[in-house]
Amino acid sequence: MKAAVSWWDLAGSTQTIDSLRDYLRKEGVEPWERVHGMRLKFWISDRQTNRWGAVMLWAADADLTAPMPPNRATELIGYPPTVRIMTDVEAIVEGIHAGPSDDRGLAFAAGKSS
């Protein structure tokens, strides 16, 4: 498996964590639900450092050269990620939990913007 991390410093962009969260809620998540070979994608933010990003987990046999949804984050932010890395995944584990969660993250939290 492979893991990809993209991380933007938003200091040079007109976009904010809140505006990017709104983008996720309205259009950003759905296109990724149909990507073959992608096991998981989650978006991350850090208000203290004004950073926004995403982490993707890819199956070992995923074709990483296959067409992907447009990189709207880069379009909206106005420049490519400050940091982009692709790494091997040494191990994964899932902790004990009650199964699929209704918690889809802050972008989908009812009535919350921060």
Side-chain angles (χ1 to χ4, degrees):
M1 272 193 276
K2 295 281 187 184
V5 179
S6 297
W7 200 228
W8 283 266
D9 179 343
L10 297 177
S13 178
T14 59
Q15 295 295 319
T16 66
I17 289 171
D18 290 328
S19 67
L20 291 166
R21 190 177 286 167
D22 190 48
Y23 145 73
L24 283 181
R25 189 173 22 256
K26 291 179 179 176
E27 65 175 290
V29 173
E30 188 269 333
W32 294 95
E33 294 172 348
R34 298 180 303 275
V35 175
H36 292 280
M38 188 182 74
R39 304 254 327 236
L40 176 70
K41 180 172 184 175
F42 56 94
W43 290 263
I44 55 178
S45 66
D46 183 343
R47 279 194 191 278
Q48 290 183 331
T49 61
N50 197 29
R51 292 182 181 259
W52 177 268
V55 179
M56 300 170 75
L57 183 62
W58 294 96
D61 62 350
D63 179 3
L64 300 178
T65 65
M68 304 278 170
N71 191 335
R72 287 280 294 140
T74 295
E75 292 173 24
L76 293 169
I77 293 168
Y79 46 87
T82 310
V83 175
R84 178 178 277 159
I85 60 171
M86 178 73 74
T87 66
D88 292 320
V89 174
E90 298 294 336
I92 60 171
V93 65
E94 221 178 293
I96 299 169
H97 55 81
S101 173
D102 289 344
D103 184 355
R104 294 180 61 207
L106 293 172
F108 295 99
K112 293 186 179 178
S113 65
S114 57

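Hydrogens, waters and symmetry mates play no part in the numbers below; they use all other heavy atoms, side chains included.
- Residues meeting the side chain to side chain donor-acceptor pair (under 3.5 Å) test with Ser13, sequence neighbours left out: none.
- Other cluster members for Val55: Met1, Val5, Trp7, Leu40, Phe42, Ile44, Leu57, Val83, Ile85, Val89, Ile92, joined by side-chain heavy-atom distances under 4.5 Å among Ile, Leu, Val, Met, Phe, Trp and Tyr.
- Looking at residues two or more places apart in sequence or on another chain, you find a side chain to side chain donor-acceptor pair (under 3.5 Å) between Thr65 and Asp63.
- Here Leu64 contributes atom CG and Met56 contributes atom CE; the two are 8.5 Å apart, rounded to the nearest 0.5 Å.
- One finds the CD1 atom of Ile17 at 14.0 Å from the CG atom of Asp22 (value rounded to the nearest 0.5 Å).
- Remark: Pro80 pairs with no residue by the side chain to side chain contact (heavy atoms under 4.5 Å, CB included) rule, at least two apart or across chains.
- Atom CE in Met68 sits 11.0 Å away from atom NE2 in His36 (nearest 0.5 Å).
- In terms of heavy-atom proximity, Gly37 sits nearest to Ala62 at O-CB, 3.6 Å.
- Residues passing the side chain to side chain donor-acceptor pair (under 3.5 Å) test with Asp9, sequence neighbours excluded: none.
- For the salt bridge (charged side-chain N to carboxylate O under 4.0 Å, His left out) condition, the pairs that include at least one residue of residues 73-90, sequence neighbours left out, are Lys2-Asp88, Arg72-Glu75.
- Residues Val35 and Lys41 fail the side-chain proximity criterion, which asks for heavy atoms closer than 4.5 Å.
- Here Glu30 contributes atom CD and Lys26 contributes atom NZ; the two are 16.0 Å apart, rounded to the nearest 0.5 Å.
- Judged purely by atom type and a 3.5 angstrom limit, Trp8 uses its side chain to pair as donor or acceptor with the backbone of Tyr79.
- Counting only residues at least two apart or in different chains, side chain to side chain donor-acceptor pair (under 3.5 Å) contacts with residues 49-61 comprise Asp46-Thr49.
- Trp43 and Gly28 make their closest contact through CZ2-O, 3.9 Å (heavy atoms, listed as atom of the first residue, atom of the second, distance).
- For Glu94, the side chain to side chain donor-acceptor pair (under 3.5 Å) partners two or more places apart in sequence, or in a different chain, are His97.
- Side-chain contact between Leu10 and Thr16 is absent, with no heavy-atom pair separated by less than 4.5 Å.
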